[in-house]
Amino acid sequence: MNRRDIIADPTIGNKAEAYEAFDDIPTNPNLSRTIGEVVAHRFTRREMFRGALAVTATTTLFGTSALVAPRSARASAASRYDFTELAWGNDETHHIAEGYDARVLLRWGDPVTADAPDFDVMNQTPQAQLQQFGYNNDYVGFAPLNAAGTRGLLCVNHEYTNEEVMFPGLGRQDRAGFAGMTPTLIDIEMAAHGGTVVEIERETTGQWQVVRDGRFNRRITPLNTEMRIDGPAAGHPRMRTRKDPEGRTVIGTLNNCAGGMTPWGTWLMAEENFHGYFWTDKLDADGQPDLTEQPEARQMRRYGVPGRWYAWGTTHDRFNIDVEPNEPNRFGWVVEVDPMAPDAMPVKHTALGRFRHEGCETTVSTDGRLVVYSGDDNRFDYQYKYVSDGRVGDDRAANSKLLSEGTLYVARFDADGTLVWLPLVHGEGPLTAENGFHDQGDVLIDTRLAADLLGATPMDRPEDAQPRGDGTVYLMLTNNSRRTAGQVDAANPRADSAFGHIIEIKEHNGDHAATGGTWSILVRCGDPDVADVGALWNPDTSQDGWFGSPDNAAIDAEGRLWVSTDQGGNWDKTSKSDGLYAVETEGAQRGTSKLFFRCPVGAEMCGPYFTDDLETLFLAVQHPGTDGTKSLAGFGRESTFEDPATRWPDFDPSMPPRPSVVVVTKQGGGRIAV
């Protein structure tokens with residue numbers, strides 16, 4: 001199926017769904033040893049498909065009593081999560097477990113600076129949006145401003161925009177050839193991307209409020225925020241453009257998905273699906289980009305550039321590869337922002353590699369070095385980690401240099417359950433001039449191509465990776481509908497994996513800087529009562545508790561794992577809205593999941609982020625009322641500005657759905673799920 005067919009597909013309800021459907025087509029040619037094949041070698045294919053694997057895995061993970069004990073007896077095992085499970089479903093609003101409040105803190109368009117105008121959805125302007133909360137909030141981080149943690153800076157990524165529910169009278173622009181996207185609307189879109197830093201305060205009532213005149217409040221956007229490029233690719237000839245002949249500064253960041261907070265309190269913004277923002281006017285007979293004259297054609301094909309899913313390149317030359325072929329090389333990085341220095345220029349750290357970063361979670365090794373985990377969110381792409389040369393200290397400026405000098409690794413998952421981290425270093429192995437890598441800058445600009453040559457394991461869309469202090473890491477593999485039966489392996493065990501799975505890594509000697517370790521599968525997602533799905537949960541998991549498509553995750557102060565989901569337009573395969581789940585990782589309850597929060601229809605669950613005292617949980621509800629609305633009983637059509645599937649969170653007939661950050665607290669106060 002080509003791009004034209006996907007756009008015309010009547011089952012696809014919006015541009016974002018079409019964008020993701022097109023990205024189902026992998027760009028990785030290195031599929032000879034996928035994660036699915038690795039899993040298959042750990043358990044024979046005959047066992048896999050006859051169901052013996054489920055028995056073997058169940059007894060291995062949860063003990064033989066899981067097969068024989070009655071549910072009432074098994075349920076006596078103590079859960080580490082103290083809350084009454086929420087019932088599953090899908091409707092126009094959000095729901096939270098009994099005994100908790102979930103209150104909207106920030107919505108798209110809310111003023112975030114002292115002089116910002118109030119939101120006027122019918123009269124949007126780029127100037128107003130640059131001072132208002134952006135669209136599609138994804139990652140949420142928090143930097144305390146006082147010892148009690150009652151004041152702090154909320155740091156929020158804004159991933160992308162849904163123009164069909166964002167602007168009145170516009171509709172699907174991918175089907176219209178972006179004919180309705182005027183220069184003003186494009187600039188509003190650009191101003192709604194990027195990120196927001198805003199001061200918040202917990203009042204004596206226990207409720208959190210935005211501090212409108214906070215001196216740290218600011219927006220970061222691809223429209224007007226200048227950024228510095230550092231690391232081995234800074235100044236590289238392939239990073240230079242007409243407006244930046246030195247290749248050391250760039251305007252903005254975009255498609256910021258998950259992220260992270262460093263140990264010294266700076267915010268890391270991960271640039272994910274940057275390829276979709278680039279344009280070309282040169283198309284072949286099938287309507288696909290014609291790259292025959294492009295000097296960067298090889299890597300553009302590997303990265304999916306240009307995607308032509310946004311019309312920015314029609315009014316901003318830097319997003320048109322016909323004019324600026326090097327501009328895509330300046331995106332796909334990790335950006336560091338100091339939220340406590342509002343005048344400081346953000347930094348793109350090229351040492352962390354260029355790919356579709358899903359998250360950039362940090363931890364510290366046993367000898368004090370910084371370690372950053374990041375997945376490349378594409379079917380059949382890779383899991384990475386970065387280890388700094390120096391050690392984390394008390395000097396904030398010195399700490400930021402740790403993101404410039406270090407080694408990037410890519411993961412190989414072997415069938416015997418071992419993990420090897422392969423260094424991406426110029427001159428080592430195949431990473432030489434003979435293979436197109438003339439220096440370390442080339443290795444990092446073309447990280448995917450370098451990882452292909454090293455023989456990394458192609459994964460089922462590696463999304464968030466959450467490290468725990470004991471050397472454990474949890475990898476969210478969200479799904480891969482393109483994996484065939486012949487491509488299954490030990491670490492990606494299912495063909496046509498619509499529901500995904502979670503891998504648990506144990507780094508050698510509990511050290512996150514180790515170059516090897518072991519791995520196992522924590523859960524295989526989907527409905528455990530449908531044999532063909534091949535799901536694997538602890539038998540204590542209820543019908544409310546199982547889920548599909550793990551995406552973002554968090555480790556709370558108790559060391560417990562929380563997982564949020566993103567099923568996209570495929571939630572009809574589970575009939576459940578996306579939500580937040582508590583997943584047991586230890587003891588007799590290992591592999592059990594419980595539903596804590598669920599989103600309104602069409603929304604994705606992002607975040608989550610707990611304060612250190614565990615009394616507050618920040619959640620991001622992204623693109624409400626958009627994905628899969630054709631499957632919603634009683635609605636059954638595409639969602640538009642004038643006719644949305646929900647008007648959450650305002651439920652105002654004059655207002656479309658608005659992506660929002662929700663703050664969760666325990667009624668009467670106290671620690672969450674404790």
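Excluded from the calculations below are hydrogen atoms, water molecules and symmetry mates; all remaining heavy atoms, backbone and side chain alike, are included.
- We find the CE-CG distance between Met476 and Asp551 to be 9.5 Å, quoted to the nearest 0.5 Å.
- Distance check: Phe278 CZ to Glu327 CD gives 5.5 Å after rounding to the nearest 0.5 Å.
- There is no side-chain donor-acceptor pair under 3.5 Å between Arg354 and Thr447.
- Residues passing the side-chain contact (heavy atoms from CB on, under 4.5 Å) test with Pro462 are Gln383, Met459, Leu477, sequence neighbours excluded.
- Using a cutoff of 4.0 Å between basic side-chain nitrogens and carboxylate oxygens, Asp643 and Arg637 are scored as salt-bridged.
- Between Glu324 and Arg318 there is no salt bridge, since no side-chain nitrogen of the basic residue lies less than 4.0 Å from a carboxylate oxygen of the acidic one.
- Ion pairing between a basic and an acidic side chain is recognised when a charged N comes within 4.0 Å of a carboxylate O; Glu638 and Arg175 show such pairing.
- Looking only at side-chain heavy atoms (C-beta outward), Asn326 and Met239 stay at 4.5 Å or farther from each other.
- Checked for salt-bridge contact, Lys348 and Glu271 meet the test: a charged N lies under 4.0 Å from a carboxylate O.
- Under the rule for a ring-ring contact (aromatic ring centres under 6.0 Å, His included), the partners of Trp312 that lie at least two apart in sequence or sit in another chain are His193, Tyr277, Tyr310, Phe319.
- In this structure, a donor-acceptor pair under 3.5 Å is absent between the side chains of Thr113 and Arg212.
- In this structure, Arg3 CZ and Gln288 CD are separated by 7.5 Å, a value rounded to the nearest 0.5 Å.
- Sequence neighbours left out, not one pair with a member in residues 129-142 passes salt bridge (Lys or Arg N to Asp or Glu O under 4.0 Å).
- Residues satisfying the side-chain contact (heavy atoms from CB on, under 4.5 Å) test with Asp244, not counting sequence neighbours, are Thr241, Glu246, Thr249, Arg330.
- In this structure, the side chains of Asp627 and Asn14 come closer than 4.5 Å at one or more pairs of heavy atoms.
- Using modelled atom types, one finds a donor on one side chain and an acceptor on the other under 3.5 Å when comparing Thr221 with Asn224.
- With Arg448 as the partner, the side-chain contact (heavy atoms from CB on, under 4.5 Å) test is satisfied by one option alone out of Asn378, Asn28, Val410: Asn378.
- Checking each of Tyr474, Phe547, Phe596, Tyr581 against Trp562 for a ring-ring contact (aromatic ring centres under 6.0 Å, His included) leaves exactly one that passes, namely Phe596.
- When ring centroids are compared, Phe167 and Phe641 stay outside the 6.0 Å threshold.
- Residues Trp333 and His357 bring no donor and acceptor atom of their side chains to less than 3.5 Å of each other.
- Of the N and O atoms on the side chains of Asp110 and Trp108, not one donor lies less than 3.5 Å from an acceptor on the other residue.
- For Thr574, the side-chain contact (heavy atoms from CB on, under 4.5 Å) partners at least two apart in sequence or on another chain are Phe499, Trp546, Gln567, Lys576.
- Between His158 and Phe133, a ring centre-to-centre spacing shorter than 6.0 Å is recorded.
- Between Glu358 and Asn552, the side chains place a donor N or O and an acceptor N or O closer than 3.5 Å (distance only, hydrogens not considered).
- Checking Thr565 against Asp578 by side-chain atom types alone, a donor-acceptor pair falls below 3.5 Å.
- A salt bridge does not link Arg461 to Asp376: none of the charged side-chain nitrogens sits closer than 4.0 Å to a carboxylate oxygen.
- Under the side-chain hydrogen bond (donor to acceptor under 3.5 Å, both in side chains) test applied with Glu163, the options Arg172, Lys15, Gln173 reduce to a single match, Lys15.
- Residues that satisfy the side-chain contact (heavy atoms from CB on, under 4.5 Å) test with Val347, not counting sequence neighbours, are Arg228, Asp230, His349.
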